[in-house]
Amino acid sequence: MIAFARNVRLWFAPQEIRKEGGTPDYRFSLANERTFLAWLRTALALIGGGFAVDQFLPDLRWAWRVGLALALLGAGVLCSLRAVNHWMRCEQAMRRGEDLPVSRFPAVLSVVVAVVAVAMVVVVLVGWEG
């Protein structure tokens with residue numbers, strides 16, 4: 001928990017990371033940044049999907065609509081927070097010459113998206129009205 005709190009502090013003071021290790025090849029830092037931006041695009045897509053489910057499926061039962069929308073919105077929030085945390089951890093590892101950190105988050109996010117997709121398939125097959 002202390003390491004996470006330290007990382008959150010570094011999110012808003014990235015210049016502090018320069019105090020650790022050496023400067024990595026800039027291409028690796030730029031690749032890390034592109035990965036971060038890809039995660040943010042994924043987060044925005046999930047958030048947009050959550051709003052779309054809520055706004056464009058008014059005939060869907062309230063519990064289904066809200067459940068699916070909240071699952072997508074929650075996944076988007078987690079994805080955006082995980083993006084910045086992973087970016088910082090990768091940057092630290094590169095500066096220290098360590099292996100890049102591993103994460104279960106992509107698998108968890110994939111499962112959440114798959115569950116929402118299966119629920120949407122059920123909604124399409126059964127019909128929108130409850």
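Position 1 is the first residue of the sequence; numbering continues from there.
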Hey, can you pull the donor-acceptor pairs under 3.5 Å for the side chains in residues 94-103, sequence neighbours left out?
unit_1 : atom_1 : unit_2 : atom_2 : d
Arg95  : NE     : Ile17  : O      : 3.1
Arg95  : NE     : Glu20  : O      : 2.9
Arg95  : NH2    : Arg18  : O      : 3.2
Arg96  : NE     : Glu20  : OE1    : 2.7
Arg96  : NH2    : Glu20  : OE1    : 2.5
Ser103 : OG     : Arg82  : NE     : 3.4
Ser103 : OG     : Arg82  : NH2    : 2.7
Ser103 : OG     : Phe105 : N      : 3.0

What's the shortest heavy-atom distance between Val112 and Ala71, and which atoms?
CG1-O, 4.2 Å
Considering only distance and modelled atom types, tabulate donor-acceptor pairs under 3.5 Å from the side chains of residues 118-127, sequence neighbours left out.
none

Qualifying salt bridge (charged side-chain N to carboxylate O under 4.0 Å, His left out) pairs with a residue from residues 62-81, counting only residues at least two apart or across chains
Asp54-Arg65
If we only count heavy atoms from C-beta on, is the Val116 to Leu72 side-chain gap below 4.5 Å?
yes
Spell out, yes or no, whether Val8 and Leu10 are grouped together once hydrophobic residues are joined by side-chain heavy atoms under 4.5 Å, including indirect joins.
yes
Looking only at heavy atoms, which two atoms of Leu81 and Val84 are closest? And how far apart?
O-CG1, 3.3 Å
Within the structure provided, determine whether Trp64 and Leu57 are in side-chain contact (heavy-atom separation under 4.5 Å).
no
All N/O donor-acceptor pairs, side-chain side in residues 33-46, below 3.5 Å, sequence neighbours left out:
unit_1 : atom_1 : unit_2 : atom_2 : d
Thr35  : OG1    : Ala31  : O      : 3.0
Thr42  : OG1    : Ala38  : O      : 3.0

If you group Ile, Leu, Val, Met, Phe, Trp and Tyr by side-chain heavy-atom gaps below 4.5 Å, do Val53 and Val113 land in one group?
yes
Between Ile47 and Gly76 the two heavy atoms that sit nearest each other are CG1-CA, 3.9 Å
Do Leu78 and Val108 sit in the same hydrophobic cluster, where Ile, Leu, Val, Met, Phe, Trp and Tyr count as joined when their side-chain heavy atoms come under 4.5 Å apart?
no
Taking side-chain contact (heavy atoms from CB on, under 4.5 Å) as the test, write out the residues that go with Ala63, two or more places apart.
none
Separation between CE (Met88) and CZ (Arg9), nearest 0.5 Å, reads 9.5 Å
I'd like to check the side-chain contact (heavy atoms from CB on, under 4.5 Å) partners of Val111; sequence neighbours left out, ordered by chain and number.
Val115
